[in-house]
Amino acid sequence: MVTSLSIETPSAKPFRKTGDPVELTSESPLHPRRKSRRIMVGPVPVGGGAPISVQSMTNTLTADVPATLQQIAELTAAGCDIVRVAVPSQDDADALPEICRKSPIPVIADIHFQSKYVFQAIDAGCAAVRVNPGNIRKFDQVGPDICKAATDAGISLRIGVNAGSLDKELYAKYGGPTPEALVASALKEARMFEDVGFHDFKISVKHHDVITMVQTYRLLASKGDWPLHLGVTEAGPQWQGTIKSCLAFGALLAEGIGDTIRVSLSAPPVEEVKVGCKLLEYMGLRPRKFDIISCPSCGRAQVDVIQLASAVTEGLKDITAPIRVAVMGCIVNGPGEAREADLGVASGNGKGQIFIKGKVIKTVPEDQIVETLLTIANDIAAQMESEGKVPEGSTGPVVVPIQHPGR
């Protein structure tokens, strides 16, 4: 558990009004980012080329304020930019003011069915509200009031549909939750907001099937400039959901589509954030932090690579300095990979050659490899910290590479 991270960090400044210009932009090395309009989720810009943010959702009872704040602190430490909390009851709504006041990252209230909770969430200081027009009672009547309240508070909204909650008429018309059906639903909702002059919203069109999800977001992206929240809904257990999310997000982000993401896993929320952050790192959309390279087990390996890599990974799990450690167990690729890393070991014949920046500094017995790597890695990280090479607050969100217009 994260016990040392302060969760009492109320902002001294009010939220920026949504849509205000912000200089921060982030480009993909693979494809120009899709041009979308910018909204704000508290101080976090979404869309308009802003760095792609990582979201997750607490799984605590929101009414249990200490437990919810503790989990938000853990998510923040893992790199989460924005957190969503469920508000299915009055007790949950009543807990929002304290949660919003003490949360170190912007809080989105997740509202279904009861429109009164939307207004309470706005009054409580939530940075945004996820509102589902399809299941809010008499939304055609309360929708304009929600838009006015959000505008007056300077907050944004999230709308959109999941495959499992598609309108029955659209389901029948299109024969199921097809890309065309999901996009038709999203466009219908968007028009409901835009008809009353409200534009500060992002859209999600989630599906559990990777191919359908990608096709749906591609189609929606071609219809307008709304910022898009990416997600594979009900993605499944951790290993399965990770694969699905990486495939879908990778395909879309490689085309410049997507402004904020949530990896949905049947796993602790922190695991969602870890996957999301690493995905963005490996796609060049966030700066690389600590990374470990290890070879697969194979018949050439002369050490237990699986055990060796697991021990090093566990021992360095709290490193945030952007160093790359290579754990290799074969004479074919081992020396080359170890030389390319900041720190590496090429193992074999009961010993390991330790490399720093391409040079062998020592050879140690196999049973000393892990201890040696951990000691040197921590020394390198400490030196980088003292030299100011580790961004301040690197346990939280880091949203570069950054480009400033006109430079």
| message | Quick one: does any side-chain atom of D145 pair with a main-chain N or O of V142 as donor and acceptor, under 3.5 Å? | response | no
| task | Go through the steps to decide whether V46 and R38 satisfy the test side-chain contact (heavy atoms from CB on, under 4.5 Å), and finish with yes or no. | result | CA-CA 6 Å; V46 175; R38 177 166 293 186; over 6 Å; no
| message | Side chains of T372 and K362, heavy atoms from C-beta outward: is any pair under 4.5 Å? | response | yes
| query | Which atoms form the tightest heavy-atom contact between T18 and S156, and what is the distance? | reply | CG2-N, 3.5 Å
| field | Atom of C295, atom of M328 and distance for their closest heavy-atom approach | value | CB-CE, 3.5 Å
| Can you find a heavy atom in the side chain of F193 that is under 4.5 Å from one in the side chain of C147? | yes
| Pairwise distance CD(Q141) to CD1(I146) - rounded to 0.5 angstrom | 11.5 Å
| request: Would you indicate whether the side-chain heavy atoms of S204 and R158 approach each other to under 4.5 Å? | output: yes
| said: Between the side chains of E314 and K317, is the shortest nitrogen-to-carboxylate-oxygen separation below 4.0 Å, so that they form an ion pair? | reply: yes
| message | D91: which residues meet the salt bridge (charged side-chain N to carboxylate O under 4.0 Å, His left out) condition with it, sequence neighbours left out? | response | none
| Going by atom types alone, do N162 and S165 pair a side-chain donor with an acceptor below 3.5 Å? | no
| field | Donor-acceptor contact present, side-chain K244 to main-chain H208, <3.5 Å | value | yes
| query | More than 12 non-hydrogen atoms from neighbouring residues, nucleotides or ligands closer than 6.0 Å to CD on Q90, yes or no? | reply | yes
| field | Residue pairs involving residues 107-116 (criterion side-chain hydrogen bond (donor to acceptor under 3.5 Å, both in side chains); sequence neighbours excluded) | value | R84-D110, D110-H112, H112-N135
| E371 side, atom CD; L373 side, atom CG - distance, nearest 0.5 Å | 10.5 Å
| field | Heavy-atom side-chain proximity of V118 to R130 below 4.5 angstrom | value | no
| request: Take E194 and R191 through the salt bridge (Lys or Arg N to Asp or Glu O under 4.0 Å) test and state the conclusion after the steps. | output: CA-CA 5 Å; E194 292 173 339; R191 283 192 292 268; over 6 Å; no
| So does D291 pair up with R324, basic N to acidic O under 4.0 Å? | yes
| said: With a 3.5 Å distance limit and no angle check, can you tell me whether E366 reaches the backbone of S347 through a side-chain donor-acceptor pair? | reply: no
| Distance, nearest 0.5 Å, that separates CG of L308 from OG of S310 | 9.0 Å
| said: Would you compute the distance between atom CG of L343 and atom CD1 of I354 and round it to the nearest 0.5 angstrom? | reply: 7.0 Å
| request: Return each pair, listed once, that meets side-chain hydrogen bond (donor to acceptor under 3.5 Å, both in side chains) where at least one residue sits in residues 209-218; pairs must be two or more places apart or across chains. | output: D209-T212, R218-E255
| Between D379 and Q383, is any side-chain donor less than 3.5 angstrom from a side-chain acceptor? | no
| remark: For K289 and E281, the nearest pair of non-hydrogen atoms, with its separation, is N-OE1, 3.1 Å
| field | Close side-chain approach of F355 to I361, heavy-atom, < 4.5 Å | value | no
| When you measure from the side chain of T260 to the backbone N and O of S53, does any donor-acceptor pair fall under 3.5 Å? | yes
| query | Yes or no on side-chain contact (heavy atoms from CB on, under 4.5 Å) for T62 and I99, after CA distance, side-chain angles and deciding distance? | reply | CA-CA 9 Å; T62 304; I99 291 171; 3.6 Å; yes
| Residues, nucleotides or ligands: over 12 heavy atoms within 6.0 Å of E340 CD | no
| message | Looking at D225 and K35, is any side-chain nitrogen of the basic one under 4.0 Å from a carboxylate oxygen of the acidic one? | response | no
| Between G160 and I203, which heavy-atom pair has the shortest distance, and what is it? | CA-CG2, 4.3 Å
| query | Just wondering, are more than 12 heavy atoms of other shown residues or ligands nearer than 6.0 Å to CZ in F139? | reply | yes
| field | Point-to-point distance, once rounded to the nearest 0.5 Å, from CD1 of I356 to CD1 of I376 | value | 4.5 Å
| request: Tell me whether the guanidinium CZ or amine NZ of R37 lies under 6.0 angstrom from the six-membered ring centre of F201 and within 45° of its axis. | output: yes
| said: Donor-acceptor check, side chain of E27 to backbone of R33, threshold 3.5 angstrom: yes or no? | reply: yes
| salt bridge (charged side-chain N to carboxylate O under 4.0 Å, His left out): pairs with one or both residues in residues 166-190, sequence neighbours excluded | none
| request: Could you tell me the separation between the CG atom of L253 and the CG atom of L279, rounded to the nearest 0.5 Å? | output: 6.0 Å
| query | So, S245 side chain and T242 main chain: donor-acceptor pair closer than 3.5 Å or not? | reply | no
| Any salt bridge (charged side-chain N to carboxylate O under 4.0 Å, His left out) pairs touching residues 46-56, not counting sequence neighbours? | none
| remark: Of L30, I52, I261, the one forming a side-chain contact (heavy atoms from CB on, under 4.5 Å) with L285 is I52
| task | Would you indicate whether L61, at its atom CG, is surrounded by more than 12 heavy atoms from other residues, nucleotides or ligands within a distance under 6.0 Å? | result | no
| field | Residue pair V65 / E98: nearest heavy atoms and the distance that separates them | value | CG1-CD, 3.6 Å
| Donor-acceptor pair, side chain of S103 and main chain of P106, under 3.5 angstrom | no
| Partner set under side-chain contact (heavy atoms from CB on, under 4.5 Å) for A181, not counting sequence neighbours | L166, Y174, T178
| Ionic contact status for R262 with E272, cut-off 4.0 Å | yes
| query | If you draw a 6.0 Å radius around CD1 in I306, do more than 12 non-hydrogen atoms from other residues or ligands fall strictly inside? | reply | no
| request: Only one of L247, T233, L252 passes side-chain contact (heavy atoms from CB on, under 4.5 Å) with M213; say which it is. | output: L252
| So, T68 versus T58: side-chain donor-acceptor pair below 3.5 Å or not? | no
| remark: Closest heavy-atom pair, P177 versus L182, reported as atoms and distance to 0.1 Å, is O-CD1, 3.9 Å
| message | Is there a ring pair (Phe, Tyr, Trp, His ring centres under 6.0 Å) between F249 and Y282? Walk through the geometry before answering. | response | CA-CA 12 Å; F249 294 176; Y282 292 144; over 10 Å; no
| Would you say the side chains of D81 and Q55 form a donor-acceptor pair under 3.5 Å? | no
